[in-house]
Amino acid sequence: MSDRNPAREQLDLFEHSRDTILRNAVITALERRDAPAARVAMLSLVAEFPRDEALSSLELLVRIIEQPGLEGFADHDALRAVRRLMSESIEPAARRIFGTKDASSWLVPLWRNLAGRSARLAFRAEHSDDHAAVLWLAAGDWPAAIASVNGIESWRRIPAPLSWMLEARHGQNGMASVWPLIAELAWLAPERFERLASKLADPVLDRLLEKFYAAYEGEGTAADLAWFPTWTLTEEPALAPLLGEAQRGLCGDAEQGMRTVVELLGLERQGRQRDIVERRKRLRDLNPSIFAAFMAKR
């Protein structure tokens with residue numbers, strides 16, 4: 001004897017359809033950022049389906065558009081608290097409701113709001129992630145991020161704003177615009193460069209890094225990346241004019257190595273053999289692995 005209950009199945013189908021309709025009404029209002037409509041639809045959903053699995057995420061997103069926050073942040077701690085709420089609660093909720101791609105678009109106005117409210121907070125090394133530039137980057141507003149970093153004194157000598165500028169310029173103009181900054185960040189903070197490179201997911205940079213990791217005989221740590229700009233010139237010598245634009249830093253071994261290779265490439269074009277021999281010896285003394293990679297292409 002069959003256990004099927006057509007009447008029960010019909011009711012289940014109706015309830016499922018009703019649940020979907022009410023949930024979609026909330027989502028549609030959220031997409032329009034219509035807070036009153038979202039709240040009305042939310043009340044209807046809660047009244048009929050108080051155990052709907054999407055309720056907690058929907059409620060959080062409705063509250064965010066109801067109370068977006070307008071006042072500037074009093075200090076870095078206040079910004080950090082809201083930024084953590086965004087990353088730990090609001091972003092995951094938006095991804096659950098809209099999907100990853102649409103959630104990113106939906107969150108842009110929220111990031112812009114936070115960036116505007118953070119404008120008065122000066123850069124502090126002890127609060128390096130609590131700055132408007134980070135929020136403009138999250139919003140994908142490259143010009144605003146660039147302007148924000150430009151307001152930081154000596155940004156090119158500080159790992160955090162240097163990496164922000166690199167990311168913003170890459171987003172705005174691509175790889176050709178950031179090679180000098182890549183060299184500077186790799187020398188100054190190779191670990192930070194490693195994290196940023198993963199975030200950028202640029203096919204040209206990823207290809208070069210993959211070959212570098214396979215070929216370079218270093219310590220097998222992120223610190224090896226300080227030599228990535230130098231090694232890159234052994235693989236792509238045409239990048240010498242761009243990498244040569246890197247500002248002078250502390251002139252450590254990795255920086256000296258890259259500038260030596262830039263000089264060598266110029267000397268080779270001029271055929272100045274005596275100077276070539278001297279620079280090759282300098283490169284060998286600085287880093288035998290890089291020297292071997294350079295000579296392998298001669």
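These figures come from a predicted structure and were not determined experimentally.
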Q.
Could you go through Phe212 and Trp231, starting from their C-alpha distance and side-chain angles, then the distance that decides it, and tell me whether this counts as ring pair (Phe, Tyr, Trp, His ring centres under 6.0 Å)?
A. CA-CA 7 Å; Phe212 171 79; Trp231 177 89; 5.7 Å; yes
Q.
Using the ring pair (Phe, Tyr, Trp, His ring centres under 6.0 Å) criterion, which residues pair with Phe291? Sequence neighbours excluded.
A. none
Q) Quick one: side chain to side chain donor-acceptor pair (under 3.5 Å) pairs with a partner in residues 130-139, sequence neighbours left out? A) Arg80-Asp130, Arg83-Asp130
Q.
Is it the case that over 12 heavy atoms from other parts of the model lie below 6.0 angstrom from the CD atom of Glu236?
A. yes
Q | Note: Glu191-Arg195 ion pair, threshold 4.0 Å (strictly below) | A | no
Q. If you measure from CG on Leu162 to CD1 on Ile158, what distance do you get to the nearest 0.5 Å?
A. 9.5 Å
Q: Kindly give the heavy-atom pair with the smallest separation between Ala222 and Glu194, and that separation in Å.
A: CB-OE1, 3.3 Å
Q: Could you tell me which non-hydrogen atom of Ala145 sits nearest to which non-hydrogen atom of Leu137, and how far apart they are?
A: CB-CD2, 3.8 Å
Q. Are Glu263 and Arg282 close enough for a salt bridge, meaning some N to O gap below 4.0 Å?
A. yes
Review item, side-chain donor-acceptor pairs of residues 252-261, under 3.5 Å, at least two apart:
unit_1 : atom_1 : unit_2 : atom_2 : d
Glu255 : OE1    : Gly249 : N      : 3.2
Glu255 : OE1    : Cys251 : N      : 2.9
Glu255 : OE2    : Gly249 : N      : 3.1
Glu255 : OE2    : Arg259 : NE     : 3.0
Glu255 : OE2    : Arg259 : NH2    : 3.2
Gln256 : NE2    : Cys251 : O      : 3.0
Arg259 : NH2    : Ala246 : O      : 2.9
Arg259 : NH2    : Gln247 : O      : 3.3
Thr260 : OG1    : Gln256 : O      : 2.7

Throw together a table of side-chain donor-acceptor distances under 3.5 angstrom for residues 41-58, partners on residues two or more places apart or in other chains.
unit_1 : atom_1 : unit_2 : atom_2 : d
Ser44  : OG     : Val40  : O      : 3.3
Glu48  : OE1    : Arg18  : NE     : 3.2
Glu48  : OE2    : Arg18  : NE     : 3.3
Glu48  : OE2    : Arg18  : NH2    : 2.8
Asp52  : OD1    : Arg23  : NE     : 3.3
Asp52  : OD1    : Ala54  : N      : 2.8
Asp52  : OD2    : Arg23  : NE     : 3.4
Asp52  : OD2    : Arg23  : NH2    : 2.8
Ser57  : OG     : Arg96  : NE     : 2.9
Ser57  : OG     : Arg96  : NH2    : 3.0

Q.
Using a 3.5 Å distance criterion without hydrogens, assess whether the side chain of Ser163 forms a donor-acceptor pair with backbone atoms of Ala160.
A. yes
(Q) Taking side chain to side chain donor-acceptor pair (under 3.5 Å) as the cut-off, I'd like each qualifying pair that reaches into residues 98-112, sequence neighbours left out, listed once. (A) Arg112-Asp141
**Q.** Over 12 foreign heavy atoms within 6.0 Å of CZ, Arg274
**A.** no
Q | Interatomic spacing from CD1 in Ile182 to CZ in Phe228 - rounded to 0.5 Å | A | 6.5 Å
Q. Once you round to the nearest 0.5 Å, how far does CG of Leu181 lie from CG of Leu243?
A. 10.5 Å
Q: Might you confirm whether atom CD of Glu88 has over 12 heavy atoms from other residues, nucleotides or ligands at distances under 6.0 Å?
A: yes
**Q.** Electrostatic pair Glu184-Arg248, nearest N-O below 4.0 angstrom
**A.** no
**Q.** Note, Phe123 side chain near Pro161 side chain (heavy atom, < 4.5 Å)
**A.** yes
Q) Does the distance from a Lys or Arg side-chain N to an Asp or Glu carboxylate O, for Glu268 and Arg280, drop under 4.0 Å? A) yes
Q.
Do Asn24 and Thr20 have side chains that approach each other closer than 4.5 Å (heavy atoms only, starting at C-beta)?
A. yes
Q.
Are Lys297 and Glu235 packed together at the side-chain level, in the sense that at least one heavy-atom pair is separated by less than 4.5 angstrom?
A. yes
Q.
Quick check for you: to the nearest 0.5 Å, what is the distance between Thr234 atom OG1 and Leu264 atom CG?
A. 12.0 Å
Q: Give, for atom NE2 of His76 and atom CZ of Arg124, the distance between the pair rounded to the nearest 0.5 Å.
A: 5.5 Å
Q: Identify the two heavy atoms, one from Val62 and one from Ala38, that lie closest to each other, and give their separation to 0.1 Å.
A: CG2-CB, 4.0 Å
Q. Counting distance only, does the side-chain N/O of Arg33 pair as donor-acceptor with the main-chain N or O of Ala29 below 3.5 Å?
A. no
Q. Just wondering, do Tyr213 and Leu208 contact through their side chains at under 4.5 Å, heavy atoms?
A. no
(Q) Any heavy-atom pair between the side chains of Asn287 and Tyr216 that's under 4.5 Å? (A) yes
Q. Are Leu267 and Val277 connected, step by step, through hydrophobic side chains (Ile, Leu, Val, Met, Phe, Trp, Tyr) whose heavy atoms are closer than 4.5 Å?
A. no
Q. Can you find a pair of side-chain heavy atoms, one from Phe73 and one from Leu114, that are under 4.5 Å apart?
A. yes
Q. Looking at CE of Met175 and CG of Leu166, how far apart are the two atoms once the value is rounded to the nearest 0.5 Å?
A. 8.0 Å
Q) Considering only heavy atoms from C-beta outward, does the side chain of Thr232 approach that of Trp179 to under 4.5 Å? A) yes
Q.
Tell me which one of Ile146, Ile152, Leu185, Val178 satisfies side-chain contact (heavy atoms from CB on, under 4.5 Å) with Met165.
A. Ile146
Q. With distance as the sole test, does Ser89 use its side chain to make a donor-acceptor pair with the main-chain N or O of Met86 at under 3.5 Å?
A. no
Q: Answer yes or no: is there a side-chain heavy-atom contact under 4.5 Å between Pro190 and Asp224?
A: no
Q | Val134 versus Ser128, closest heavy-atom pair with distance | A | CG2-O, 4.4 Å
Q. Which residue pairs satisfy the side chain to side chain donor-acceptor pair (under 3.5 Å) criterion with at least one member in residues 168-178, sequence neighbours excluded?
A. His170-Asp202
